[in-house]
Structures are given as structure tokens and as C-alpha cells.
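The next block holds one structure in the form of C-alpha cells; read it before the comments.
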Amino acid sequence: MANLGIPQNTIAVLQKYNFNFQKKFGQNFLIDTRVLDRIIESAEITGEDCILEIGPGIGTMTQYLAENAREVVAVEIDKNLIPILEDTLSEYDNVTVINDDILKVDINKIVEEKNAGKPIKVVANLPYYITTPIIMGLFESHVPLQSITIMVQKEVADRMQVGPGTKDYGALSLAVQYYAKPEIVANVPPNCFMPRPNVGSAVIRLTRYDAPPVQVNDEKYMFSLIRASFNQRRKTLVNGLTNAPELGLSKEKVTETLEKLGWSATIRGEALTLEQFAQLSNVLK
Ligand code: SAM
């Protein structure tokens with residue numbers, strides 16, 4: 001099968017199958033061989049690797065993955081793409097396509113079956129409408145993972161990478177940085193896709209830490225503090241935390257804790273580093 005990274009070849013496949021793009025599935029197919037090469041290179045794929053691809057589309061990146069990895073499992077929600085994938089991937093015997101919603105698939109089971117439970121790599125040009133649930137699902141379900149190399153909306157890539165004191169800093173930055181080291185490896189303009197998205201994109205690699213970079217006694221509790229602080233971004237940390245009923249914290253208790261930590265009583269959650277949220281969580285709990 002011809003290289004689908006070349007626009008004419010993608011057009012030929014779409015015409016052959018009379019394929020209609022489904023906006024609701026975030027379908028923007030890659031048509032740039034340099035971007036595809038860059039993704040494969042950044043994901044550091046070797047002949048030993050088992051790769052999970054989320055949303056293979058017509059199989060463009062899947063071809064590149066199959067050429068470089070030992071094993072590829074691709075999960076695609078759109079049943080209309082399944083016969084196309086059978087065709088475009090027919091020459092590879094190391095690819096398994098699963099027709100399902102990635103948010104419903106038991107990824108741990110795939111890792112067990114295809115990679116004897118050893119860490120896999122995730123590589124994907126993600127459907128942008130569910131970027132955050134996909135990433136958080138992968139981390140929180142503790143799927144054995146080496147890295148996640150993904151194309152996302154540029155603004156979301158920025159949010160994952162930044163620290164305190166910037167407008168993009170938020171719960172997603174802290175969650176990603178607790179589990180992984182983020183690095184933006186390429187910026188990708190809309191003309192590299194068919195159809196063109198309305199936003200710029202970026203490829204980001206998240207390299208999973210063996211152990212989190214901060215020591216926290218109760219992970220779940222720290223993330224509820226983080227969510228409460230950023231739910232009311234413009235409020236002080238004291239108000240943000242005491243306005244979250246699920247935390248059951250009194251103003252006195254929070255003020256006293258801040259004093260104990262030597263922090264200003266008017267500090268805002270958006271000024272705190274991951275390490276400080278861990279500290280706060282350990283003292284409050
Ligand atoms: N990988 C292809 C490429 O780079 O050309 C397609 C990328 S396109 C941005 C996203 C793909 O994810 C589409 O094929 C879409 O049908 C699929 N998709 C959307 N939601 C999904 C879900 N919940 N589970 C699995 N695949 C999904």
C-alpha cells in the first residue's frame with residue numbers, strides 16, 4: 001500500500017471508499033511525511049516495542065508504527081474506517097485493529113496479552129474533543145507505560161508543559177507533571193491535516209516517571225485540593241479550598257496551615273508549584 005502521508009494517496013483512499021469525515025469523532029488525518037517521521041523519531045520506537053495507537057483513522061501513522069515497532073494495537077471508534085484499515089494495513093502482520101471507544105477499552109488487558117504486562121508506548125494523533133480524559137485515564141488507571149507521544153491542540157500542549165505564574169497553568173499541568181516529564185517536540189500547522197483543523201497543533205512527548213517527582217501521602221486528596229484551587233482561579237487559596245464542600249475545610253484550619261507553612265494568607269492556588277501542593281496536602285490530611 002502506498003504511503004498515506006503523501007496527500008494524493010490519502011485522497012485516493014478516501015475516494016475509493018467514498019469516505020465522509022465525521023466531525024463528532026475529531027477526524028483530521030495527517031498528510032505530511034515530515035511530521036510523521038518526527039513523531040516516530042520522538043517516540044523513540046524500537047523493534048522491541050509494543051505500541052498502542054488511539055484513533056488510527058485510515059492508517060497513516062499506523063503504517064509508520066508497523067514499520068518500526070514489533071507490535072501495534074490500534075483502537076478506532078468509527079466502524080466505517082475498519083474496512084479501509086483492513087485494506088491500507090493488509091501487508092502488516094504485526095497490527096491488530098480494535099473497533100471500540102478508547103475510553104471503554106480495558107488497556108491493561110491489551111498490555112497483558114500483547115506485551116506480557118510490560119510497559120508499552122502510546123502514540124497518537126488524538127481526537128481533540130477527548131484529549132484530557134484520554135491522558136488522565138491512561139495515567140490514573142496505572143497502565144504500564146513508558147511514554148505517550150501525541151498530537152494535541154497547541155494550547156493544550158502548552159497547558160501540559162507550563163509552571164506557575166502563566167495563564168495556561170492549571171489542574172492539567174499539575175496532573176501531567178505529577179506522572180510524566182512533558183516536552184513539546186514539534187509545532188504542526190493546520191495545513192498538515194485533511195480536513196484542516198481550526199487550531200494549531202503540537203506533538204508532545206510525556207515520559208512516565210518511575211516514581212512521582214514529589215512525595216505525597218494521599219494522591220487523591222492532593223488532586224481534590226488542586227481541582228478546588230483552580231475551580232475558583234481568581235480567588236485566594238483560602239477561599240478556593242473552603243468553598244469546596246467535598247473537602248470539608250474550615251477557614252481557620254486553612255489559614256492556620258498556611259501560617260504553619262510560612263505562606264501568605266492571600267496566596268492564590270495558581271502560584272503554587274506541584275511540590276507545594278504536595279506539602280499542603282501532607283499537612284492538611
Ligand atoms: N491517526 C490518524 C491520522 O493521524 O491521520 C487519524 C487521527 S484523527 C485526529 C482522530 C481519530 O480518532 C479518528 O480516526 C477518529 O475516528 C478516532 N476517534 C475519535 N474518538 C475516538 C474514541 N473515543 N476512541 C477511539 N478512536 C476515536
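Side chains are part of it too, since the values below use all heavy atoms of this structure and drop only hydrogens, waters and symmetry mates.
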Looking at every non-hydrogen atom in both residues, tell me the closest pair between Ser229 and Leu237 and how far apart they are. OG-CD1, 3.5 Å
Looking at Leu249 and Val254, what are the two nearest heavy atoms and their distance? CB-CG2, 3.9 Å
How are the rings of His142 and Tyr179 set relative to one another: parallel (under 30°), tilted (30 to 60°) or perpendicular (over 60°)? perpendicular
So, does Thr257 use its side chain to make a donor-acceptor pair with the main chain of Lys253 at under 3.5 Å? yes
What verdict does the side-chain contact (heavy atoms from CB on, under 4.5 Å) test give for Thr149 and Ile40, after you've listed the backbone C-alpha separation in whole Å, the side-chain angles of each residue and the deciding distance to 0.1 Å? CA-CA 9 Å; Thr149 306; Ile40 300 299; over 6 Å; no
Side-chain contact, heavy-atom cut-off 4.5 Å: Glu140 with Phe223? no
Looking only at non-hydrogen atoms, find the nearest pair between Ala69 and Ile51 and report the distance. CB-CG1, 3.6 Å
When you measure from the side chain of Asn282 to the backbone N and O of Gln215, does any donor-acceptor pair fall under 3.5 Å? yes
If you define the side chain from C-beta out and look only at heavy atoms, does anything of Pro213 sit under 4.5 Å from Leu274? yes
Using the rule that Ile, Leu, Val, Met, Phe, Trp and Tyr join whenever any side-chain heavy atoms are under 4.5 Å apart, tell me whether Val72 and Ile102 fall into a single cluster. no
Minimal non-hydrogen separation, Gln279 against Trp263, with atom names: OE1-CZ2, 3.6 Å
With hydrophobic residues grouped by side-chain heavy-atom distances under 4.5 Å, do Ile54 and Ile82 end up in a single group? no
Determine whether Lys285 and Asn217 make a side-chain contact, defined as any pair of heavy atoms from C-beta on separated by less than 4.5 Å. no
Would you find a donor on one side and an acceptor on the other, under 3.5 Å apart, between the side chain of Gln63 and the backbone of Leu4? yes
Is there a donor-acceptor pair closer than 3.5 Å between any side-chain N or O of Glu76 and the backbone N or O of Asp78? yes
Any chain of hydrophobic side-chain contacts (each under 4.5 Å) joining Phe21 to Ile11? yes
Joint hydrophobic cluster, Leu52 plus Leu65, side-chain heavy atoms closer than 4.5 Å: no
Treating Arg205 as the side-chain partner and Ser42 as the backbone partner, does any N or O pair qualify as donor plus acceptor under 3.5 Å? yes
Under the rule for side chain to side chain contact (heavy atoms under 4.5 Å, CB included), what residues qualify as partners of Glu67, not counting sequence neighbours? Tyr92
Looking at the rings of Phe139 and Tyr178, which for Trp means the six-membered one, are their centres under 6.0 Å apart? no
Could you check whether atom CG of Asn191 has more than 12 heavy atoms from other residues, nucleotides or ligands sitting under 6.0 Å from it? yes
Distance-only, no hydrogens or angles: does the Gln15 side chain make a donor-acceptor pair with backbone N or O of Ala12 under 3.5 Å? no
Roughly how far apart are Asp168 CG and Thr166 OG1, rounded to 0.5 Å? 6.0 Å
Taking only distance into account, with no hydrogens and no angle test, what donor-acceptor pairs under 3.5 Å do side-chain atoms of residues 114-138 form with protein atoms, sequence neighbours excluded?
{"residue": "Lys114", "atom": "NZ", "partner": "Thr96", "partner atom": "OG1", "Å": "3.3"}
{"residue": "Asn115", "atom": "OD1", "partner": "Arg70", "partner atom": "NH2", "Å": "2.5"}
{"residue": "Asn115", "atom": "ND2", "partner": "Lys118", "partner atom": "O", "Å": "2.9"}
{"residue": "Asn115", "atom": "ND2", "partner": "Pro119", "partner atom": "O", "Å": "3.3"}
{"residue": "Lys121", "atom": "NZ", "partner": "Glu44", "partner atom": "O", "Å": "2.6"}
{"residue": "Lys121", "atom": "NZ", "partner": "Asp49", "partner atom": "OD2", "Å": "2.8"}
{"residue": "Asn125", "atom": "ND2", "partner": "Asn28", "partner atom": "O", "Å": "3.3"}
{"residue": "Tyr128", "atom": "OH", "partner": "Ser201", "partner atom": "OG", "Å": "2.7"}
{"residue": "Thr131", "atom": "OG1", "partner": "Tyr128", "partner atom": "O", "Å": "3.2"}

Which value, rounded to the nearest 0.5 Å, describes the distance between Phe193 atom CZ and Ile31 atom CD1? 9.5 Å
For a side-chain contact (heavy atoms from CB on, under 4.5 Å) check, start with the C-alpha distance between Thr60 and Asn9, then their side-chain angles and the critical distance, and finish with the verdict. CA-CA 10 Å; Thr60 313; Asn9 296 337; over 6 Å; no
Can a donor-acceptor pair be found, under 3.5 Å and without considering hydrogens, that links the side chain of Arg159 to the backbone of Gly170? no
So do Val73 and Glu113 actually touch side chain to side chain, heavy atoms under 4.5 Å? no
Glu48, CD atom: more than 12 neighbouring heavy atoms under 6.0 Å: no
Looking only at non-hydrogen atoms, find the nearest pair between Ala228 and Leu247 and report the distance. CB-CD1, 3.7 Å
With sequence neighbours excluded, what pairs up with Ala278 under the side chain to side chain contact (heavy atoms under 4.5 Å, CB included) test? Val214, Val216, Met222
When you measure from the side chain of Thr88 to the backbone of Ile58, do you find a donor-acceptor pair of N or O atoms at a distance under 3.5 Å? yes
Short side-chain to backbone donor-acceptor contact, Thr10 and Pro7, under 3.5 Å: no
What are the two closest heavy atoms between Arg268 and Thr236, and how far apart are they? CG-CA, 4.2 Å
Start with the C-alpha gap between Arg34 and Asp32, add the side-chain angles, then the distance that decides, and say whether salt bridge (charged side-chain N to carboxylate O under 4.0 Å, His left out) holds. CA-CA 6 Å; Arg34 279 166 315 172; Asp32 190 303; 3.4 Å; yes
Is any side-chain heavy atom of Ile226 closer than 4.5 Å to a side-chain heavy atom of Leu272? no
May I ask you to check whether over 12 heavy atoms, not counting those of Glu275, lie within 6.0 Å of atom CD? no
Run the numbers on Tyr17 and Leu81 for side-chain contact (heavy atoms from CB on, under 4.5 Å), then give the verdict. CA-CA 9 Å; Tyr17 287 91; Leu81 286 166; over 6 Å; no
For a 4.5 angstrom cut-off between non-hydrogen side-chain atoms, does Val188 reach Arg38? no
Rounded distance (nearest 0.5 Å) linking atom NZ of Lys181 with atom CZ of Arg208: 15.0 Å
Is it true that Gln232 and Asn243 share a donor-acceptor pair across their side chains at a distance under 3.5 Å? yes
Give the C-alpha distance, both sets of side-chain angles, the deciding distance and a yes or no for side-chain contact (heavy atoms from CB on, under 4.5 Å) between Ile39 and Tyr64. CA-CA 9 Å; Ile39 294 174; Tyr64 282 70; over 6 Å; no
Any non-hydrogen side-chain atom of Leu241 less than 4.5 Å from a side-chain atom of Leu280? yes
Are Val176 and Leu225 in one and the same hydrophobic cluster, where Ile, Leu, Val, Met, Phe, Trp and Tyr link if side-chain heavy atoms are under 4.5 Å apart? yes
The residue among Lys154, Glu155, Gln153 that forms side chain to side chain contact (heavy atoms under 4.5 Å, CB included) with Val199 is Gln153
Indicate yes or no for a side-chain donor-acceptor contact from Asn68 to the backbone of Gly47 under 3.5 Å, with no hydrogens or angles considered. no
